[in-house]
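Here's the structure we're looking at; comments come further down.
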There are 2 protein chains.
Amino acid sequence: MLLATIRDVAKLAGVSVATVSRVLNKNGYVNKETEQKVITAIQQLQYEPNAVARGLAGKRTGTIALILPDISNPFFPEMARGVEDVAHQLGYTVILCNSDDHGVKERSYIEVLKKKYIDGIIFASNTLDETDVEEMQKNDLPLVILDRAPIQDTFSVVRSKNYEGAQLAVKHLLEVGCKRIAHIYGPQEFLTAKERMTGYEDAVRHLPWYSPSLMVPGNFRIDGGMKAIEQLLSRHPDVDGIFAGNDLMAVGALKALYRLGKKVPEEVAICGFDGIALTEITEPEITTVAQPIYEMGSLAAKVLIEKITATVKANPIHELEVSLIRRGSTKRGRETDE
Amino acid sequence: MLLATIRDVAKLAGVSVATVSRVLNKNGYVNKETEQKVITAIQQLQYEPNAVARGLAGKRTGTIALILPDISNPFFPEMARGVEDVAHQLGYTVILCNSDDHGVKERSYIEVLKKKYIDGIIFASNTLDETDVEEMQKNDLPLVILDRAPIQDTFSVVRSKNYEGAQLAVKHLLEVGCKRIAHIYGPQEFLTAKERMTGYEDAVRHLPWYSPSLMVPGNFRIDGGMKAIEQLLSRHPDVDGIFAGNDLMAVGALKALYRLGKKVPEEVAICGFDGIALTEITEPEITTVAQPIYEMGSLAAKVLIEKITATVKANPIHELEVSLIRRGSTKRGRETDE
DNA sequence: CTCTCATGTGTAACCGGTTACACATTTGGT
DNA sequence: ACCAAATGTGTAACCGGTTACACATGAGAG
């Protein structure tokens, strides 16, 4: 059975295709009675407008793209879910792209996406630079970027309070009685990693025990957290609190400490950052500064679709709150607990 | 700057659009010299064929859809990654859909996807029934289904050996000295859960200690695993081996046992199923029967795209091997270890 | 009693490709 | 030398929508 076209509907309703199109898109003038005839014809034929033809004629495909480093990194599925939920709700469809934070791959995706008349892109990937952004701007492709600084007002940004979150983490570790708090920082090409590190530094630099060597690098992955702990403990065996730049490294830290026979939280307390589900499956569960990951995704989608449909182009910056989730990895006697 | 069209290229090369199209699609006869002129013109204009127009004219959009229950369920990101990698490599784009295993949502996605001239669908979601499949067949939408029985030869199936895997798990638990092995089974509407349960039953039913009450239901999630353990241990305090129907429930079992003060693996050994990354972050790490999750995704994409491009429609059934990954949760003295 | 403007509808061009068909011109087999 | 098949290329219809523009009607303003 072949699908009905707008011309079939027009014929059956005894009107022109233009009128049918007006009914469909609710624009232009249409007489109430005429409209009813058209609606009846549409129902009779079970007519569904062809999205591809629509895309070609109207330059709108109802499709957005989500470019992220790697969907199998546990941070992103929840964000992707947020994006997809909102998009679906608003009648959009989401294309998934894994860039591996690799500029070439990212650009090749953008090429394809432009050819497909994508309506907009959400970038949760970190590679593209100013030039790329300008390039997009020229094609006036609406753009929302996650975890970037709002350097330009030409694109919208969704991020959360990394600096404040880091301070929250340190403050909490101090409260539970830590006397020497180290930080495992992420790759400095990520703004998030940088900001969290600065937050840590500003929170501890005035304290008597502070030393720059308490900061060790990690790669934002589990193995990076493990290596960091080995390195750290050989340098500072007396460390009793760890603020990891993200949750995966916190998991790694926990693992490494366990293998070294250090008790968590009794001997060393750990606090992560991100609030991914993984932090609830370890034993003890890991205290973390949670970003509203799902909301970051859903908000990004909302903002993007607003940009797509809006006539005036605003480029708001959304900075979301983070919150400390206290769990076993920092639970000590001295804490006045709930 | 407006993008060049095929007519611009034709004009510049001094040929007709048909010829340009022939060069583009490498079909029909084209003289070598003519071809060269066209190629030069394409490069000069930086011409990129418009995918939407192509879709409208040729009924091929180079887009496939992946319908899964929930991308934030840790089983699926890796599979999605497999799908996307292959798709991207073969020049296809992937649309992501979360069905929540909800029939209505699934069908609403299918509606939209048909309108968008999607080339094919990979189903990792379990809701659609015979009628739906036939419906797809009528629209001759290529289909690949994961984890379904090969009841019909009208669609392709990718699955792995659940029954054999379950037997593998039980055999391993016996080998490490378990004397009484329980099974936490998943929701029986999932074929996978059913097959794993049958595998377990067939492996233990002849053993002296066997009792049907050693099988307790779980929901394939962490909390389900925890509840199952509580229920199980009150019924059979002497259980010393757990075969969980999937890894999430194995994680839950581990958590619950830890809280009840049972030592893993010394007092109770645990084996999961799936091979998701989560099993490596707990302490001890969890032994599991690993499915080749990434490969299931990449194979599904390969099969689907083959179906899309092939003229003759075969509907192969691919049943992948599973493998036991031995980890801490079943490591006991008596095991002859590597 | 005109004139203007809001309302209502149809025609046909257009979006940017693919491809059926027509029309050469070679090639090669007998 | 003759004719069928292979090679090469162009014209124009088509995919299924959107929309600019033309045209008609009726109402309210001056």
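As the structure is a computational prediction, the values presented were derived from the model and not from experiment. In what follows, chains carry the letters A, B, and so on, assigned in the order in which the sequence lines appear, proteins first and then strands, with residues in each chain numbered from 1.
Taking atom NZ of B/Lys115 as the reference point, atom P of D/dG17 lies 11 Å away to the nearest angstrom. Atom pair B/Lys116:NZ and D/dC15:C1' shows a separation of 18 Å (rounding to whole Å applied). For the pair B/Glu48 CD and C/dC15 P, the interatomic distance rounds to 19 Å; values are reported in whole Å. As rounded to whole Å, 17 Å separates atom P of D/dC14 from atom CG of A/Asn50. Between the CZ atom of B/Arg60 and the C1' atom of D/dC14 there is a distance of 18 Å, rounded to whole Å. B/Glu35 has its CD atom 15 Å from the P atom of D/dT7, to the nearest Å.
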B/Asn50/A/Tyr117 under side chain to side chain donor-acceptor pair (under 3.5 Å): CA gap, chis, key distance, verdict
CA-CA 8 Å; B/Asn50 177 320; A/Tyr117 278 0; 2.7 Å; yes

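With a 4.5 Å cut-off on side-chain heavy atoms, B/Ser108 and A/His88 count as touching. Taking 4.5 Å as the limit, some side-chain heavy atom of B/Asn126 sits within range of a side-chain heavy atom of B/Phe190.
Checking the phosphate oxygens (OP1, OP2) of C/dG16, no side-chain nitrogen or oxygen of B/Thr5 falls inside 4.0 Å.
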Between the protein and nucleotides 18-23 of chain D, are there any N/O to N/O pairs under 3.5 Å, and if so, what are the atom names and distances?
unit_1	atom_1	unit_2	atom_2	d
D/dT18	OP1	A/Asn25	OD1	3.3
D/dT18	OP1	A/Asn25	ND2	3.0
D/dT18	OP1	A/Arg54	NE	2.9
D/dT18	OP2	A/Ser21	OG	2.6
D/dT18	OP2	A/Asn25	ND2	3.4

Base versus backbone protein contacts along nucleotides 3-8 of chain C [heavy-atom cut-off under 4.0 Å; B, S, -]:
---SBB

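Remark: the B/Lys116 side chain and the A/Thr63 side chain contain an N/O donor-acceptor pair separated by less than 3.5 Å. Side-chain atoms of B/Glu78 and A/Ser72 form no donor-acceptor pair, as typed in the model, at a separation below 3.5 Å. For the residue pair A/Tyr294 and A/Asp85, a side-chain donor N or O sits within less than 3.5 Å of a side-chain acceptor on the partner.
Here the closest heavy-atom approach between residue A/Ile118 and residue A/Leu141 is recorded as O-CD2, 3.5 Å. Looking at every heavy atom in both residues, B/Asp119 comes nearest to B/Lys59 through OD1-O, 4.0 Å.
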